Amino acid sequence: MAKANKRYAHAEVREVVAMQPKSGKVPSGSLVKLYYVDEMFIEKSRENFVLPDVVGLSVDEAK
């Protein structure tokens with residue numbers, strides 16, 4: 001099972017986030033695995049994603 005990651009914090013439910021083999025040409029009838037996120041996985045990813053409050057800071061300070 002994949003681990004929660006901040007890159008999935010804003011994903012949509014049932015959004016495909018990876019596939020194997022990578023995109024490109026494969027022979028007809030080949031097995032293609034699709035990996036997607038569900039609500040629980042997105043929520044776990046959001047828990048690990050902390051966005052600092054940069055309101056009132058200049059752009060340079062916020063960076």
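Small disclaimer: the values here were computed from a predicted structure and weren't measured.
For the residue pair Leu34 and Met19, the shortest heavy atom distance occurs at CD2-CB, 3.8 Å. What you find for Ser45 and Ala9 is that their closest heavy atoms are CB-N, 3.9 Å. Between Ala11 and Ile42, the closest heavy-atom pair is O-CD1, 3.3 Å.
The side chain to side chain donor-acceptor pair (under 3.5 Å) test applied to Glu39 returns no partner, not counting sequence neighbours. Checked against side chain to side chain donor-acceptor pair (under 3.5 Å), Ser30 has no partners two or more places apart in sequence or in another chain.
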What do the steps show when you test Tyr8 against Arg46 for side-chain contact (heavy atoms from CB on, under 4.5 Å), and what is the final call? CA-CA 8 Å; Tyr8 306 128; Arg46 288 179 180 159; over 6 Å; no
In residues 50-63, what donor-acceptor pairs under 3.5 Å come from side-chain atoms, sequence neighbours left out?
| residue | atom | partner | partner atom | Å |
| --- | --- | --- | --- | --- |
| Asp53 | OD1 | Val55 | N | 3.1 |
| Ser58 | OG | Glu61 | N | 3.2 |
| Ser58 | OG | Glu61 | OE1 | 3.3 |
| Glu61 | OE1 | Ser58 | N | 2.8 |

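To the nearest 0.5 angstrom, Asp38 atom CG is 12.5 Å from Glu15 atom CD.
Placement of Phe41 and Val13 within a single hydrophobic cluster is found when ILVMFWY residues are connected by side-chain heavy-atom separations under 4.5 Å, directly or transitively.
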